[in-house]
Amino acid sequence: MYKIELIQGDITKAEVDAIVNAANEKLIGGGGVDGAIRRAGGDEVIKECDEIRKKQGGCPTGTAVITTGGNLPAKYVIHTVGPVWQGGNKDEDKLLASCYKESLKLAVENDINSIAFPSISTGVYGYPTDLAAATAIQTIRNWTAYYSQKIPENIQFILFDITTYKCYENALTTFG
Ligand code: AR6
């Protein structure tokens with residue numbers, strides 16, 4: 001049986017098989033958690049992102065790709081692209097749910113046993129954190145209930161600030 005764990009901290013320090021990056025569609029380094037992961041992961045992560053962009057044009061919103069972890073403690077980085085919040089009527093909820101599902105699918109395909117997510121879309125992309133947290137927790141609960149293949153045993157959320165942490169804590173209490 002898997003468990004969901006909430007941690008306040010820096011995802012680049014996580015000692016897990018894979019960390020998830022809140023990337024952009026071009027897989028070209030940005031700020032926020034993406035910038036931090038690229039800085040800590042180094043050239044190898046950046047090179048593999050460049051190769052994916054050359055091969056398939058990038059990573060559309062709601063999908064995910066996987067690279068090495070480079071210099072990170074994590075073996076892999078799963079890059080997913082969350083939706084930009086546009087008021088809630090542009091399928092933001094479905095697209096955010098898809099980020100979690102596609103990331104977990106890649107985890108299963110790569111025998112990943114422990115995975116850490118940041119709070120996707122709630123920084124630069126402006127998604128209200130309480131709504132994003134509810135979607136994140138509900139999606140993982142539903143997905144793991146219906147997905148028969150091997151689920152990572154340890155699913156972490158690594159939240160940078162206390163306000164974000166509290167939103168995920170509320171969501172886990174409500175939907176966990
Ligand atoms: N560890 C954990 N969480 C972090 C870290 C860290 N080291 N640094 C920031 N956060 P954001 P988005 C939190 O803006 O909204 C990039 O430029 C942050 O406090 O990183 O999905 C990409 O290239 C917030 O709670 O991601 C895209 O263009 C959360 O991570 C765009 O930003 C997500 O904030 C993606 O925007």
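Order of listing sets the numbers, starting from 1, for every ligand and every atom in it.
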Which N or O atoms of ligand 1 sit under 3.5 Å from a protein N or O, and how far apart is each pair?
residue, atom, partner, partner atom, Å
ligand 1, 1 (N), Ile11, N, 2.9
ligand 1, 7 (N), Asp10, OD1, 2.8
ligand 1, 14 (O), Val124, N, 2.8
ligand 1, 15 (O), Ser121, O, 3.4
ligand 1, 15 (O), Thr122, N, 3.4
ligand 1, 15 (O), Gly123, N, 2.8
ligand 1, 15 (O), Val124, N, 3.2
ligand 1, 15 (O), Tyr125, N, 3.1
ligand 1, 17 (O), Gly31, N, 2.8
ligand 1, 20 (O), Val33, N, 2.8
ligand 1, 21 (O), Ser121, N, 2.8
ligand 1, 23 (O), Asn24, ND2, 2.8
ligand 1, 23 (O), Asp34, OD2, 2.7
ligand 1, 28 (O), Tyr125, OH, 3.3
ligand 1, 34 (O), Gly123, N, 3.4

Taking everything shown except Asp161 itself, do over 12 heavy atoms lie less than 6.0 Å from its CG?
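Counting neighbours around CG of Asp161, more than 12 heavy atoms of other residues, nucleotides or ligands fall under 6.0 Å, so yes.
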Is it true that Glu51 and Lys54 make a salt bridge, defined as a side-chain N closer than 4.0 Å to a carboxylate O?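 The answer is no: the pair does not qualify as a salt bridge.
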| query | Under 4.0 Å between a Lys/Arg side-chain N and an Asp/Glu carboxylate O for Asp50 and Lys47? | reply |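 So Asp50 does not pair with Lys47 through a salt bridge.
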Without hydrogens or angle criteria, can the side chains of Tyr76 and Thr67 be said to hold a donor-acceptor pair below 3.5 Å?
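There is no such pair (donor and acceptor under 3.5 Å, judged by atom type) between the side chains of Tyr76 and Thr67.
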Exercise. Looking only at heavy atoms, what is the nearest atom pair of Arg141 and Tyr2, with distance?
Worked result: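 Scanning both residues, the minimum pair turns out to be NH1-OH, 2.7 Å.
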Check: When rounded to the nearest 0.5 angstrom, what is the spacing between CG in Asn154 and CD1 in Ile115?
Finding: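 Those atoms lie 10.0 Å apart.
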